[in-house]
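Just so you know, these numbers come straight off a predicted model, no measurement behind them.
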Amino acid sequence: MGRISIVVSDLVLSFMWIWSGVLVNILVLGFSRKDTTGEIVGYLFSVISTFIFAFLQKLTKGGLYSPVASLASGLSGGFGSFIFTVMVRIPAEVIGSVIAVIHIIHIFPEIGKGPKLTVAILHGALTEGILTFLIVLLSLGLARKIPGSFFMKTWISSIAKLTLHVLGADLTGGYMNPAAVMGWAYAGGEHITKEHLLVYWFGPVMATLLAVWFFNFMYKPLTKEQDKPKAKSE
């Protein structure tokens, strides 16, 4: 029952995440996209959205909306967890995103068409890969260094995600979320193109694998003796 609930949570949160992005765009459209006020409003709601979804992840006891986060979690949980993530959780997140986009296009056909690649495929794959590598590495570090501080961890994570998104927005969209891109690509019939698979799946997935390996290589699991002083201080 626990695994069923987590899969349902993944699907629902993925659906909600796509909708949240569209709603932020609608709010920003109330201002000029070239206006500083519009940009500030967009950034503010992006941070608020990150806090809301962090709370929902906590409420659902681990529900996620990004294959990148799910893959990193699955890799850290052993072979069984990895297989469950790849075969069940990630497909659920993709399905949730696809359903959301189809729903959005039906209601707001003029709102959004997903990311647009403005550079070469290799350049795009490297961009999404580097952005993903950095955010996964940061997430793993926050989970290890400040595991109990919800506000501080979410605040740092939200600012980092926003910064990386802005850096990659003009190149690939700076999504760092293959499922979200898949929703828009599927709706446009571009989900099996070389551009989509290499830039928005291969790049982020390889970067996630590398980030988890690098983190585990640099920061070995704490031994019982190392963990004792921390337990006493808490």
Decide whether [X] and [Y] are clustered together by the hydrophobic rule: side chain heavy atoms of Ile, Leu, Val, Met, Phe, Trp, Tyr closer than 4.5 Å, transitively.
X	Y	result
Trp201	Met206	yes
Val22	Tyr175	yes
Leu71	Leu138	yes
Met176	Leu171	yes
Phe214	Leu126	no

Report yes if some heavy atom in the side chain of [X] is under 4.5 Å from a heavy atom in the side chain of [Y]; otherwise report no.
X	Y	result
Phe15	Ser97	no
Leu137	Phe133	yes
Trp184	His191	no
Asn216	Val212	yes

May I ask you to establish whether Arg144 and Tyr219 are in a cation-pi arrangement, using a distance under 6.0 Å from NZ or CZ to the six-membered ring centre and at most 45° from the ring axis?
no
Side chains of Ser66 and Glu93: is there a donor and an acceptor less than 3.5 Å apart?
no
Is the distance between the ring centroids of Phe53 and Tyr65 under 6.0 Å?
yes
Classify the ring geometry between Phe51 and Trp155 as parallel (under 30°), tilted (30 to 60°) or perpendicular (over 60°).
tilted
Just say parallel, tilted or perpendicular for the rings of Trp213 and Phe217, cut-offs at 30° and 60°.
parallel
Under the rule for side-chain hydrogen bond (donor to acceptor under 3.5 Å, both in side chains), what residues qualify as partners of His103, not counting sequence neighbours?
Trp19
Take Tyr186 and Val101 through the test side-chain contact (heavy atoms from CB on, under 4.5 Å) and record every step on the way to the result.
CA-CA 9 Å; Tyr186 180 84; Val101 171; over 6 Å; no
Give the C-alpha distance, both sets of side-chain angles, the deciding distance and a yes or no for side-chain contact (heavy atoms from CB on, under 4.5 Å) between Thr85 and Ser73.
CA-CA 8 Å; Thr85 297; Ser73 176; 5.9 Å; no
Okay, side chain of Asp10, backbone of Ala92: is any donor-acceptor separation there less than 3.5 Å?
no
Just one of Glu128, His123, Lys116 clears the side-chain hydrogen bond (donor to acceptor under 3.5 Å, both in side chains) bar with Thr172, so which one?
Glu128
